[in-house]
Structure formats: C-alpha cells, structure tokens
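These notes are about the structure you will find just below.
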Amino acid sequence: MPSRLRSRPPIVLLTDFGYRDHYAGVMRGVIAKIAPAASVLDITHGVPPQSIMAGALTLRESWRYFPDGTIFVAVVDPGVGTARAPIAVDTRARARFVGPDNGLLWLAANEAEIKTIVRLTSPRYRLPAVSNTFHGRDIFAPTGAHLWLGARLTNFGPRVETIERIDLGAPARTARSLRGQIVYVDGFGNLVSNIDRASVARLKASFPALGLWVTIEGSAPMKILDAYADAPKGAPLATFGSFDLLEVAVRDADAARRFKAAVGSPVMVAAHPS
Amino acid sequence: MPSRLRSRPPIVLLTDFGYRDHYAGVMRGVIAKIAPAASVLDITHGVPPQSIMAGALTLRESWRYFPDGTIFVAVVDPGVGTARAPIAVDTRARARFVGPDNGLLWLAANEAEIKTIVRLTSPRYRLPAVSNTFHGRDIFAPTGAHLWLGARLTNFGPRVETIERIDLGAPARTARSLRGQIVYVDGFGNLVSNIDRASVARLKASFPALGLWVTIEGSAPMKILDAYADAPKGAPLATFGSFDLLEVAVRDADAARRFKAAVGSPVMVAAHPS
Amino acid sequence: MPSRLRSRPPIVLLTDFGYRDHYAGVMRGVIAKIAPAASVLDITHGVPPQSIMAGALTLRESWRYFPDGTIFVAVVDPGVGTARAPIAVDTRARARFVGPDNGLLWLAANEAEIKTIVRLTSPRYRLPAVSNTFHGRDIFAPTGAHLWLGARLTNFGPRVETIERIDLGAPARTARSLRGQIVYVDGFGNLVSNIDRASVARLKASFPALGLWVTIEGSAPMKILDAYADAPKGAPLATFGSFDLLEVAVRDADAARRFKAAVGSPVMVAAHPS
C-alpha cells in the first residue's frame, strides 16, 4: 500500500445535524462518492441546534488532536441559503477549515493562524444542484472531498481578507474577584465558563494568603479542585477541565440540572479567607 | 494499493437501534469479521424506534448520494422473529438493499428500479446461531458483508416476485387547495409533508393571480419561501427543504414544538389573494 | 495492498462520552495521529453517564462479535484523576481491553479469559500532558493506538495480578420462583434482568406440569415468548433477548415507561398452573 495514500490526513466532520436524521450520513456519502479513499471521522454531529458558539468552541477544543493537515468540515448554519458566504481557510498549522462564514470557524482557525481565506464560488466543486437548505451536502462536503483529492484552495473561488469572528468574552476583574459566564454545557452537565487559568492565577497571586471560592447561581462557595473525584459523591466543585477553562461540576452528577444553570449564567471567583 | 479494492463501494447502515446500546456497534463488528477491508458508513441509527415510514423516507432521501454499487443494510424491524421475510434487492441503479420485507426498503428500491429480489434463507450467509430478536446482527449484517465480498445475490435464497410496499399518500386536490399531511419530523423540528413541488406548481398555475398560503394545526397562513433564513428570526415559514417536499419550519426554532404537530398532522396549501 | 496491514484488527471504542460533545471525536483524532492506518469502530458512546455496570454489560455483549485480536478501548470513568489505575488486559481469546480499573473491563475480559494485566504507567505511550479529567484522550486512546502499532503490552507498565470486579448478582431461587432484578435498560425501553436461561430451565424442569409467569413492578403475569412479535401490539411479554438474559418488553412500545421500571427493579419468575 503506497504510504502516500495511507498517510493522508482525514476529513473530519462537525455539525449540528444530530443523529436522528440522514443529514450527516448523506455528507459521508457525498464525500465517499468524490473521494472514496478518504478517511472520514466525526468530531460530533450533536452540537446544540444552530448554536454557533458551541460549535466554534468544540472545534477549537478538537482540531489540534487530529493529524497534521486534517481537513475540517464544520456546519452549524442557521443562515443557510442567505448572503453569508461559504468559505475555506488554510492555516499556518496546516489545518484546513471548511464551513459557513458565520463565526463557526473563527476560534479554531485563529488558533491555527489563518493564512488564506477563500470564498467558495466555483460550481466545479459543488454538487450540480445547490439547495437553499442543505449546503453541508451541496457545498461543504464536496469542498472537503476535492481539497482532500488535492485541488488547490485558490481554485475554489476568490480570496477574501477577513472572516466572521465570534468571542467568548473576557472575564471581568474587580479588586478581589473575577466575573465570567458559562459558555458551554457538556453532555454530563458540566458548566464550562470563559474564565481562563491565567486570570485565576493572577487573582491568586494578588492574594496569596486567601483562598479562591467559586459561586454560580447562588450556590455555596466551591473550592477549585484538581479532579472531579476529589469531591465527595454528589458534591459540587470547580476545576479546570479538558477545555482548560474553569468549570463547575457535581461529582457523579449533572451540574446544569443541580444549579439550573445554562449558557450565559454568571460565575464568580472571589478571594476570601478560607 | 490495488484500486480494485479501494474503489469498492461501501456498506451503508441505517437502523433504529439508537446510540445508547451496542446494537449498531455489534453489526459493525460482524461486518469487520467477515469483510475486514469493507468501508462501513452510517446513514443514521436514530430512526424513531420501529418507525418503518421514517426509515423508508430517510433511505429514499439518502441512497442516491452514495457511490455507485453501495450496499445498504437497513433495519427497522418490529416484526423480527416472525414470518416477515429477510430480503435483499438488486436494482438497475446498481444500489443493493438488504433488510426486512416490511416496506422499509420500498421507497428507495423503487426509485432505484428493482431488478431482483431474493429471500435470505441460506444458512451459509448467516451467523451460526440466529436469534429471534436481533436479525441485524445475525442475518442482515452478514448478508451485507458477504455481498461486499462478491457472493452472488441468487446464492442467498430463492427469488421472490414482490416486495412489501409503503406509501406516503398523495395530497388531495380541491378546487383551490391541496390537503396533505406531515410524514416526517426531523431533528430540528422541521415538519416534512407529503405535498410535492409539482402539485404545488399545478395549483399555482391554476391561479396565477393569487398567492399560495400554507397552514398547519390552526396556524396563521404562511408563505412559501426559498430558504429558512428568508423569514425573520422566530417566524414560521413553509419551504421546499432537502426532501424536495413542502415543509413547515420556524426560523432558528422548532416547528414541531411551536405547532404541537407530529407525523399525521394535516397541512393545507390554499390559493388566496395575497 | 499488503494483507498484513489490511487484516489487522480494528480499535473499538466504548464510552459514556455521549454524542453532544467532542470527547469521543478527540479520541478518534488522537488515534489517527498515532496510528493513521488503524481502523476505528464504535460500539457506542451512549452508555448512561458514569454507569460502570451498563458499560461492562455492553462490552461483554459485544466483544465476541469483533475480529480476532481486536483492541477495545473502554472509558466510563467517574474516578478519573484519582488513584484508580489505568490498565490494559490481554486475554486467551486474543481480545485486548484498555480502560480504567473500576470494574468496566471485568465482565468481558473474564469471559475472554484474562492472561496478562498491566498498569499503564509509561509516559512514552501517553500524550505529553495528562489532564485529571480526560484520560480517554490522554492515556487510553494513545495506549490503544500504540498497541495497534505493535508495542508490547509489558512495555506499558508493571504487571498487576488482579482486576477490579463487578457482579450482576445471581437470581435468588425459592421453592417455586426465581427473584432477580433489572440490570440494563436499552434504548427501546426493554428491561434486561440478571435471570439467565439456565436458571429458568432448572425452574421449569422442577415443575414440568406448570407454566412459568414473569412479573415486574406489580404487572400482570407474563408468559415467556420466543419473539417480541409473538405478543399482540402493545402487549407486555418476557423473552430471552440478545443478551441471552430474561427481558421484559412491550410489543412495539417502551417497557421501562409502561412499568415505571429501571435498573434495580425486582423481577420474578414463578411456576403456576397456566
């Protein structure tokens, strides 16, 4: 087997199409028809419907774990069929990103350092008929497959200079506290905030004699622990989870349900005597 | 790598086994054991449990996007273990379909133009022990794998002449309206009806001076738009979606929930002054 | 294509990571980066969150349907980041199992006959940074990939003699009855008990003139049928399902909902005149 082929990076899908319908499956079919030798992997198709921020965060947390040169096809696309452009992005890290220009690609592509952005206009790399409701099938999957086959990015359409951005928001610092908000809720009910490790470290450095306490939606103050299982069963805790952002969890249970918290819920880290 | 192998079409799965249990995974295992080089793709395992119509529609909407010669193994099988036959179907479009003879295969196989139907009786192409509850594992997955390896369809059992049919029902035309019903609800809550584009075009042609208005479950009349995003956020609309059937949606929201509508809900398209 | 590569068994994943987040996808990425030619299959990522027993049962019901030599990477890991060891197990049946030592691997590995157990300590076969929250990504996926590439099990860390066990519990026999409990509820709502076929056969043999009747949560007594569809539509029944354990189902409906039953619900089989 020629290692040339085998060492080719995969096409990786991330969508909000869910697992009930055939939409994600049809994208796999379209790719298999154009590039039968391509390996196609899923990050997930379970992004909350039309939640661009959740998709953008998920893509940012995932891309660097995939092989060098991977082609990511991401579709969370409430504006399908309107003026929002379909784009493809090449990066200095050699990851390529294909999807709608609505902010979905920004967090990952920015981290991978954007080199080239192209608007997908060439009819050559689309299905013959393009619907107004399913560009995942008609534009994005074919684009990923043709990129995989070696088509040059700049053949897909004109270069553009900017990409739509999306922003987690920075936590606000007061004298003795950080105020942020929940930006992602995972399937275990863990509540991921926009409070990063460096901000927490700076707060701690300002008050070395004090403890740091986390509160959410009127909860009792929680310590920041190293692992979920450092809390007793059923107890709430804060930790830096796999996103490397401060998250609120409940040991062996669902924190979103416990605290009736959701994306947007405010979270505070405050320095107090322990 | 011999292109002979690489260019072989995939085996494609569609079931109602869901994503909680091991049932779909075990089918993949059975195939990997018999045909380790086969590429296995999923359309979905999330067909609503035991909903033959939803499975049949999903298969019809998917099959033509997969490579020429694909082997589809479809299992929505409330009658497993009873007299309903396990079958395999070859078609003029070269797609092959394997599954229970309960209507599930009809819509897709009919579109692909049925050539040969075989009842799966040969013990050679089954697992050694066949249960009464899991023919996906014991009969259908092995059949797909052996077909992929090149076994001839007619070796699997006796030819049969007919296949169980299933029917979306045609919309009813009155003087100024079409009356149909919801036949599929997708994971976004979009409500797909059995009203096709041609019937709507004929109604429009009869009343060129009038507008067409869609209603469902006592909703206000909706226009037929080109794309979801042509409606304001949160507003209901009708459009021809990816099924190319009239569907009722709500921009960035869940129409099934909004209208308390489900499979079977009546839908009407009527010609009125705009 | 060298059959040496093609005949290599797959890496097979089973987790409770769900389908909403990127966790399972990131594991696939990590494996693709280390072992790009490995075929990776999913049993499921839908094990009920942190339910070690459900994961253990699912793995036991699945492993034997996969190719000889398959590497199973299983992660249901409420104790991640604590003292519970990460392990890999080789078996006489040639299946290998990788995961946390919390009972998850026991039922399958025991059935496959444990040969060697190793504690995963070598930094060489982990990601460079190991978090306290996501060993699926940082330890278990890399271990599976390196095993696939041919690394020897004993290079991963020191041998250990025992593995954490988990137990379905045996049904209790009284003079005329067997009392067990529900140990798994599948996605169709079928209620799988810990009552095995041999125990039921012994009860029947003691009372050849009597019928056997199954009850759960105050239900009317049910007969043990051969197939779901031997009951009328909507009627409850008992049968030996694909687990080969006694299960309670409702024809074309959800038994868990009908009987308000769950894992732990008591089930009885009693000999009575029919």
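In what follows, every chain begins at residue 1, and chains take the letters A, B, ... in the order their sequences are listed. Just so we're clear, the structure is a prediction, and the values are computed from it rather than from any experiment.
The environment of NZ in B/K223 is sparse: at most 12 heavy-atom neighbours from other residues, nucleotides or ligands sit within 6.0 Å.
Using a 4.5 Å cut-off between heavy atoms, A/R84 makes no contact with chain B at all. Proximity to chain B involves both the backbone and the side chain of A/D16, based on heavy atoms less than 4.5 angstrom apart. Residue contact with chain A, scored on non-hydrogen atoms closer than 4.5 Å, is absent for B/A249. Of the atoms belonging to B/R64, it is backbone heavy atoms, and not side-chain ones, that fall under 4.5 Å from chain A.
At a heavy-atom cut-off of under 4.5 Å, chain A is reached by B/Y184, B/V185, B/D186, B/G187, B/F188 from residues 184-197 of chain B, listed in order of number. Of residues 17-33 of chain B, those residues with a non-hydrogen atom less than 4.5 Å from any non-hydrogen atom of chain A are, in numerical order, B/Y19.
With chain A as the partner, the residue from B/F240, B/F66, B/Y228 showing the most heavy-atom pairs under 4.5 Å is B/F66. Chain A forms more heavy-atom pairs under 4.5 Å with one residue of B/D42, B/L41, B/V12, B/L13 than with any other, namely B/D42.
Shown here for B/A229 and A/P78, the closest heavy-atom pair between the two residues is CB-O, 3.9 Å.
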